[in-house]
Amino acid sequence: MRAAILTLSDKGSRGERIDESGPALAAWLAERGVQTVQSRVIADDFEQIVALLTEWADADAADLILTTGGTGVSPRDITPEATLQVVDRVIPGLGELMRIMSLKKTPMASLSRAVAGIRNRSLIINLPGSPRGALENLEAVWPTLGHAVEKIRGSQEDCGDRFSR
């Protein structure tokens, strides 16, 4: 699996803060055999987010595109809106699962507006901006992602046989 990581941070894009979430996600993915093929830090700018997510998905640059940051409730947190502009199909269960698992650790998880969806042959998932939050949320959905990517990329394998109890 190939991954791309897009970090949304006004301060990070200006060099005022070091991005720790992107490298933490890349290291976590590498431990699981996933190659990070793209990684960028940009400002919380709607048009830039839409443009880069669209570019990566349309170029088939990655099977899995992770965003980190911009999923909360502050005025500059616009990652979910930008992602919804890009995706063709939404996968509500991934955001729901991340929130359910995060609520076991913090009530602030109820403020997450993270979304996930598909554009062309790429799965796009919004993650929180903190390294811990990003990793915990990715861990929550990880058991489903291999299968999701296979199906998005055209696998005809029957789901029922693979996951029967």
Side-chain angles (χ1 to χ4, degrees), residues 1-9 12 18-42 48-71 79-102 104-105 109 112-165:
M1 184 183 316
R2 300 166 300 137
I5 301 168
L6 179 59
T7 300
L8 293 312
S9 170
I18 303 241
D19 170 34
E20 296 178 7
S21 295
L25 288 167
W28 192 92
L29 289 167
E31 290 172 4
R32 286 148 185 84
V34 178
Q35 178 187 12
T36 299
V37 295
Q38 299 273 355
S39 186
R40 295 267 306 270
V41 179
I42 64 172
Q48 278 189 304
I49 298 167
V50 168
L52 198 50
L53 292 177
T54 300
E55 177 186 324
W56 285 353
D58 289 355
D60 198 21
D63 308 303
L64 176 64
I65 300 173
L66 302 174
T67 68
T68 177
T71 61
T79 304
E81 289 76 18
T83 302
L84 290 171
Q85 180 76 30
V86 171
V87 299
D88 301 316
R89 295 185 289 162
V90 177
I91 306 174
L94 293 178
E96 293 164 3
L97 180 56
M98 290 188 293
R99 281 183 282 280
I100 288 168
M101 298 305 284
S102 292
K104 295 177 181 180
K105 299 176 184 209
S112 171
R113 300 177 314 103
V115 299
I118 304 162
R119 181 177 178 100
N120 293 329
R121 293 165 42 102
S122 296
L123 173 59
I124 302 172
I125 302 175
N126 299 156
L127 300 170
S130 74
R132 188 174 103 195
L135 291 172
E136 287 174 357
N137 277 255
L138 182 56
E139 287 172 358
V141 297
W142 184 251
T144 67
L145 298 189
H147 179 70
V149 166
E150 288 174 6
K151 297 305 278 182
I152 291 166
R153 298 195 73 75
S155 170
Q156 299 297 312
E157 182 180 356
D158 189 4
C159 302
D161 294 337
R162 183 174 182 180
F163 297 102
S164 59
R165 296 179 191 217

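In what follows, residues are counted from 1 in the order of the sequence shown.
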Just list the side-chain donor-acceptor pairs under 3.5 Å for residues 129-137, sequence neighbours left out, or say none.
from	atom 1	to	atom 2	distance (Å)
S130	OG	G133	N	2.9
R132	NE	E136	OE2	3.3
N137	ND2	S102	OG	3.1
N137	ND2	G133	O	2.8

Once rounded to the nearest 0.5 Å, what's the spacing between atom CD1 of I49 and atom CD of E81? 9.5 Å
Determine all donor-acceptor pairs shorter than 3.5 Å in which one atom belongs to a side chain in residues 59-71; sequence neighbours excluded.
from	atom 1	to	atom 2	distance (Å)
D60	OD1	R153	NH1	3.0
D60	OD1	R153	NH2	3.0
D60	OD2	R153	NH2	2.9
D63	OD1	R2	NH2	3.2
D63	OD1	R153	NE	2.9
D63	OD1	R153	NH1	3.3
D63	OD2	R2	N	2.7
T67	OG1	N126	ND2	2.8
T68	OG1	P128	O	2.6

With side chain to side chain contact (heavy atoms under 4.5 Å, CB included) as the test, would you mind laying out the steps for M1 and R32 before giving the verdict? CA-CA 10 Å; M1 184 183 316; R32 286 148 185 84; over 6 Å; no
With rounding to the nearest 0.5 Å, note down the distance linking CG in L6 to CD in Q48. 9.0 Å
Strictly distance-based, threshold 3.5 Å: is any side-chain N or O of R99 a donor or acceptor partner for the main-chain N or O of A114? yes
Is it true that, when you exclude L84 itself, more than 12 heavy atoms of the residues, nucleotides or ligands shown sit nearer than 6.0 Å to its CG? yes
Which atom names give the shortest non-hydrogen contact between A116 and I125, and what distance separates them? CB-CG1, 4.0 Å
Give me the atom names and distance for the closest heavy-atom approach of V90 to V87. CG2-CG2, 4.1 Å
Taking all atoms of both residues into account, what is the closest heavy-atom pair of G22 and I5, and its distance? O-CD1, 3.6 Å
With distance as the sole test, does D19 use its side chain to make a donor-acceptor pair with the main-chain N or O of S21 at under 3.5 Å? yes
Please find the pair of heavy atoms, one from V141 and one from L94, that lie closest to each other, and give the distance. CG1-O, 3.6 Å
Can a donor-acceptor pair be found, under 3.5 Å and without considering hydrogens, that links the side chain of R119 to the backbone of V86? yes
Decide side chain to side chain contact (heavy atoms under 4.5 Å, CB included) for W142 and L29; before the verdict, give the C-alpha distance in whole Å, the side-chain angles of both, and the deciding distance to 0.1 Å. CA-CA 10 Å; W142 184 251; L29 289 167; 3.8 Å; yes
What's the spacing between D88 CG and N120 CG if we round to 0.5 Å? 6.0 Å
In Å and rounded to the nearest 0.5 Å, what is the CD1 to OG1 distance from I124 to T83? 6.5 Å
